[in-house]
There are 2 protein chains.
Amino acid sequence: MATILIVDDEQDIRELIAMNLQREAYDVLEAADGLEAVAIAKKELPDLILLDLMLPEKDGYGVFQDLKANKKTQPIAIIMLTARGKLDERIMGLSLGADDYVCKPFSPKELMLRIKNVLSRVQTHPAGAITQNGDFKLDKNELKFYLCGEEIDLTITEFKLLVVLIESADTVQERGDLLRRIWGYNDMIQTRTLDTHIKRLREKLGSHGNRIETLRSVGYQFNSSDSSN
Amino acid sequence: MATILIVDDEQDIRELIAMNLQREAYDVLEAADGLEAVAIAKKELPDLILLDLMLPEKDGYGVFQDLKANKKTQPIAIIMLTARGKLDERIMGLSLGADDYVCKPFSPKELMLRIKNVLSRVQTHPAGAITQNGDFKLDKNELKFYLCGEEIDLTITEFKLLVVLIESADTVQERGDLLRRIWGYNDMIQTRTLDTHIKRLREKLGSHGNRIETLRSVGYQFNSSDSSN
DNA sequence: GAGACTTGTCACAAATGTGTCACATTAAAT
DNA sequence: ATTTAATGTGACACATTTGTGACAAGTCTC
């Protein structure tokens, strides 16, 4: 669904938020200080960052500016968290480009609502949401997939799965990662859901179904070039 | 790039918005009341107007009507800024030509996204008040819709819904977007209103009703070519 | 004020998507 | 070659989403 990075030095807070997010099927990352936050953000490119302003090592504003200065991390949505709730600070955060601002102490419910709100705005129109590769075209704005010019009807789950596979084409996606990213299963629950969906995807891809390769005991991988030729 | 006129009586708000716009390289104009707004709009012909509805001298509705009545200013895109809460009837009636709504209080980032969205839409879809496509004709001035030459009676809500669907024909319109653009619901409120109106529209479109396609758990889409043949 | 519209909500029906299971098949390990 | 574990596959039940008709509140017209 969406990946969210929680940046806060208090572990209790992180866990509280993480629990709530996971229950709503988000993929959760955590960072305890500013430097770690920037490092993880650059590596994982989450969809949204919950950023506490009071941080050791590098404070929230510094993190913010770093992220906005970097082309890769620049489009990531950011919700500011802070203990202080002054108006000028709010304006400061927002005018810096933050997507929203939540004051501590906050109710998890409120935070969830803000998160959903921000994601629904940001997520649907990311630039460069179209992946093309000769045979196929994946349009994340339109939520459509074309194979050899023809549109292929996919359900939401199938689409999400295909997005993940194609966006890291030629790279193994581990079962656990897929389950976490698409279904939000955090523990490696014993489930055959993934297999079933892979099967359905292959079916819909027809003759190109074999592009989804099985890496036994590891996961699946989408091959950008058709190896069967 | 693009010129944007901000119409709001509160200077703080204007400045906050202006700052954000300038950072993204837009040309910014400002007006503090309705009369000034109309004057500047006519003279400068901005690409987009951010229009607060509560204004001294001449309120937002008046400004809106003036602008839409004037041939020169008529094609300017308009984003309404409204107080949170239910949209009253006047808005419903007039909102037909507005390109989007944003409810106060809003975050600048959100506003920026909406602005980009509207501008890109307007550019790709030169805002002709009449849309034709063989079978059907949509007249936004007269608020009339013709199907195969025959006029079809639509209520204002149905008409607005159809406008949005047809103007982005062959494109999925997500439930949330539709609810926001037609009803002004900012949060993805749980409601069946949309479904009901879709049903009514399909009914009135008769044999062409199936052109409104359901994309399960995503939204609806109007198909410009009749796929049932 | 009566009557015709319009519109949002509700309850229920229909349609569709999704996860699990049992069993078949395949690949790896010994 | 045999065993073992992982994956493929079709069927099925359940959950979710959408379609639909009815209704009540609110508007508008006359």
Side-chain angles (χ1 to χ4, degrees), chain A residues 1 24-25 143 145 152-162 164-165 172-176 178-206 209-222, chain B residues 85-96 143-145 152-162 165 172-176 178-185 187-206 209-222:
Chain A
M1 184 167 180
E24 306 233 357
L143 305 179
F145 176 68
I152 301 219
D153 258 335
L154 297 179
T155 70
I156 272 286
T157 314
E158 288 160 2
F159 189 83
K160 286 189 207 165
L161 178 54
L162 191 57
V164 174
L165 287 174
V172 201
Q173 291 302 104
E174 296 182 27
R175 289 183 75 88
L178 289 169
L179 285 170
R180 202 162 348 108
R181 289 188 60 184
I182 287 134
W183 285 273
Y185 294 167
N186 276 294
D187 344 312
M188 258 262 254
I189 296 170
Q190 150 68 27
T191 179
R192 305 299 313 286
T193 306
L194 173 58
D195 306 69
T196 302
H197 276 274
I198 288 286
K199 181 221 160 196
R200 288 172 182 156
L201 255 183
R202 283 178 172 149
E203 227 165 66
K204 292 198 179 175
L205 294 191
N210 57 0
R211 284 215 183 166
I212 300 177
E213 191 179 344
T214 306
L215 282 296
R216 207 185 165 80
S217 325
V218 183
Y220 294 93
Q221 160 174 339
F222 185 90
Chain B
K86 282 200 172 180
L87 301 171
D88 65 48
E89 275 314 302
R90 282 182 299 173
I91 306 182
M92 294 300 278
L94 288 171
S95 60
L96 193 55
L143 305 187
K144 283 180 180 170
F145 176 68
I152 300 216
D153 251 335
L154 296 179
T155 70
I156 189 73
T157 313
E158 287 160 3
F159 190 81
K160 288 200 292 188
L161 179 54
L162 192 57
L165 287 174
V172 199
Q173 293 301 104
E174 296 184 27
R175 289 183 76 88
L178 290 170
L179 285 170
R180 187 162 45 76
R181 287 185 61 187
I182 287 130
W183 285 272
Y185 294 165
D187 334 307
M188 258 255 250
I189 295 170
Q190 150 71 28
T191 178
R192 304 299 315 285
T193 306
L194 173 58
D195 306 68
T196 302
H197 277 273
I198 288 284
K199 182 219 161 198
R200 289 172 182 155
L201 254 183
R202 282 178 173 149
E203 230 165 62
K204 293 197 178 175
L205 294 190
N210 57 0
R211 285 214 183 167
I212 301 178
E213 191 181 346
T214 305
L215 283 296
R216 198 172 218 269
S217 14
V218 181
Y220 294 94
Q221 160 176 337
F222 184 90

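Note that the coordinates shown come from a computational prediction; the quantities given were computed from them, not determined experimentally. Each chain gets a letter, A, B and so on, in the order the sequences are listed, and its residues count up from 1.
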**Message:** Between A/L194 and B/T196, which residue's closest nucleotide on DNA chain C lies nearer the 5′ terminus?
**Reply:** B/T196

**Request:** Please determine, for the side chain of A/R192, which listed nucleotide (C/dA22, D/dG21, C/dG19) has the closest atom?
**Result:** C/dA22

**Message:** Any N or O donor-acceptor pair under 3.5 Å from the base of C/dT16 to the side chain of B/R216?
**Reply:** yes

**Item:** Whole-Å gap separating P (D/dG8) and CG (A/L205)
**Value:** 14 Å

**Asked** CD of B/Q190 versus P of C/dG8: gap in Å, rounded?
**Response** 15 Å

**Asked** Taking CD from B/E158 and P from C/dG8, how many angstroms apart are they, rounded to a whole number?
**Response** 10 Å

**Complete:** note: B/I212, atom CD1; D/dT20, atom C1'; distance rounded to Å ~ 15 Å

**Prompt:** Between C/dT7 and B/H197, is there an OP1 or OP2 to side-chain N/O distance shorter than 4.0 Å?
**Reply:** no

**Message:** Tell me the interatomic distance from B/L178, atom CG, to C/dG8, atom P, rounded to whole angstroms.
**Reply:** 14 Å

**Message:** As an exercise, state the distance from CD1 of B/I198 to CZ of B/R175, rounded to the nearest 0.5 Å.
**Reply:** 9.0 Å

**Message:** So, does B/T155 get its side chain near the phosphate of C/dT7, meaning an N or O under 4.0 Å from OP1 or OP2?
**Reply:** yes

**Fill in**
Rounded to the nearest 0.5 Å, the NE2 atom of B/H197 sits from the OH atom of B/Y220 at a distance of 12.0 Å

**Request:** Calculate the interatomic distance between B/K204 atom NZ and D/dG19 atom P; express it in whole Å.
**Result:** 18 Å

**Prompt:** Between A/K199 and A/V218, who's closer to the 5' end of DNA chain D by nearest nucleotide?
**Reply:** A/V218

**Fill in**
d(A/I212 CD1, A/L201 CG) to nearest 0.5 Å is 4.5 Å

**Item:** Lys/Arg N to Asp/Glu carboxylate O, B/R200 vs B/E158, below 4.0 Å
**Value:** no

**Sugar-phosphate, base or nothing in reach of A/T193, heavy atoms under 4.0 Å** = base

**Prompt:** Which residue, A/E203 or A/L215, contacts DNA chain D at a nucleotide closer to its 5' end, judged by nearest heavy atom?
**Reply:** A/L215

**Prompt:** Whole-Å distance between C/dT7 C1' and B/I198 CD1?
**Reply:** 15 Å

**Message:** Less than 4.0 angstrom between a side-chain N/O of A/W183 and OP1 or OP2 of C/dG19, yes or no?
**Reply:** yes

**Fill in**
Between the CG atom in B/L194 and the CH2 atom in B/W183, the distance rounded to the nearest 0.5 Å is 5.0 Å

**Request:** With the side chain of B/T214 defined as its heavy atoms from C-beta on, choose the nearest nucleotide among C/dT9, D/dG8, D/dT18.
**Result:** D/dT18

**Prompt:** Can you tell me how far OG1 of B/T214 sits from CZ of B/R202, rounded to the nearest 0.5 angstrom?
**Reply:** 3.5 Å

**Asked** What's the CD-P distance between B/E213 and C/dA15, to the nearest Å?
**Response** 17 Å

**Request:** Report yes or no: is there a donor-acceptor pair, N or O only, under 3.5 Å between the side chain of A/R200 and the base of C/dG19?
**Result:** yes

**Request:** Between C/dT18, C/dG8, C/dT20, spot the one nearest the side chain of A/T157, thanks.
**Result:** C/dT18

**Prompt:** Between D/dA6 and A/Y220, is there an OP1 or OP2 to side-chain N/O distance shorter than 4.0 Å?
**Reply:** no

